[in-house]
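By convention in this document, chain letters (A, B, ...) are assigned in the order of the sequence lines, proteins followed by strands, and residues within each chain are numbered from 1.
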Amino acid sequence: MSRRIAVIDFETNGASPGRDCRATEIGVALLEDGRIVGRYQSLINAGVWIPPMIERLTGISNVMLRDAPPPAVAMAEAARFVGDTPLAAHNASFDRKFWDYELAQLGLARKQDFACTLLLSRRVLPQAPDHKLGTLARWLSLPDTGRAHRALADAEMAAQLLCHLQGELSRRYGARLADHSQLCGMQKVSAAKISQYLQAQAG
DNA sequence: TGCCAGGCCCTCTTTAGGGCCTT
């Protein structure tokens, strides 16, 4: 069983990957036994235009990307850095489609599943004010990771959140930290059935 | 022609619609 999880975050110039919508930055935080043991970050110049709204949100400008490495370099490095480590992200359906799209441009395909801290936090922390990554980080007093909406800062924040969720699950349901496959399983069952699911896994 | 995300979740649901969340 792998105890390591690669928590990733993309900054992009839009919501859905395609010819005019690409990743503009990737951040990866490698999580192991509740600690971040490795980091990767790179801006990505895919030759796309960043609209002003996205520039204000992320702080990543068209000028900043001018000298950034192309996707073929940055994504190949990121894919090597992650290897076959299981993946996680906040609202993983978003990052998964960009990860898959950018890898496909290199002729590569994802082999591992994504755990999702958004789906897990909705189940484990239903009492949170909302389930935005920034809100959860403030509400849980997670350690500051830097400027929000930059890829590595958000990847580290999601990694801290995942640690918190694993700790909460351990506290509630047993001493053993939930591994990646259990996290993926839990995000598919209702909150009421998490205990039942974990008991079945243990059995 | 005109428009343009999409997966997940909840409920006033399931022959659907709207909100959340990511950039």
Problem set entry | Minimum-distance nucleotide (side-chain atoms of A:Lys132 versus B:dC21, B:dC9, B:dT23) | B:dC21
For this session: Would you mind listing every salt bridge (Lys or Arg N to Asp or Glu O under 4.0 Å) that reaches into residues 181-201 of chain A, with sequence neighbours excluded?
Result: none
Exercise. Roughly how many Å is it from CG in A:Leu161 to P in B:dT22, rounded to a whole number?
Worked result: 11 Å
Exercise. B:dG18 and B:dT13: how far apart are their P atoms, nearest whole angstrom?
Worked result: 13 Å
For this session: Could you tell me the separation between the CG atom of A:Leu119 and the P atom of B:dG7, rounded to a whole number of Å?
Result: 13 Å
For this session: Ignoring backbone atoms, establish whether A:Arg123 has a side-chain N or O less than 4.0 Å from OP1 or OP2 of B:dC9.
Result: yes
For this session: Check every strand shown and say whether A:Leu118 touches a base, only sugar-phosphate, or nothing at a heavy-atom separation below 4.0 Å.
Result: sugar-phosphate
Problem set entry | Side-chain donor/acceptor of A:His90 to backbone N/O of A:His131, under 3.5 Å | yes
For this session: May I ask you to say what A:Asp154 touches in the nucleic acid, namely base, sugar-phosphate or nothing, with a heavy-atom cut-off under 4.0 Å?
Result: sugar-phosphate
Exercise. Looking at A:His149, does any N or O in its side chain come under 4.0 Å of the phosphate oxygens OP1/OP2 on B:dT23?
Worked result: yes
Exercise. Would you call A:Arg80 and A:Glu77 a salt bridge, taking side-chain N to carboxylate O under 4.0 Å as the test?
Worked result: no
Exercise. Are any of the side-chain nitrogens in A:Arg3 or A:Glu32 under 4.0 Å away from the carboxylate oxygens of its partner?
Worked result: no
For this session: Please state whether the phosphate of B:dC21, meaning OP1 or OP2, lies under 4.0 angstrom from any side-chain nitrogen or oxygen of A:His131.
Result: yes
For this session: May I ask you to say what A:Glu25 touches in the nucleic acid, namely base, sugar-phosphate or nothing, with a heavy-atom cut-off under 4.0 Å?
Result: nothing
Exercise. Over how many whole Å does the gap from A:Phe10 atom CZ to B:dA5 atom C1' extend?
Worked result: 16 Å
Exercise. Once you round it to whole Å, what is the distance between P of B:dC20 and CG of A:Leu133?
Worked result: 17 Å
Exercise. Taking for each residue the nucleotide of DNA chain B with the nearest heavy atom, is it A:Ser16 or A:Asp95 whose nucleotide lies nearer the 5' end?
Worked result: A:Ser16
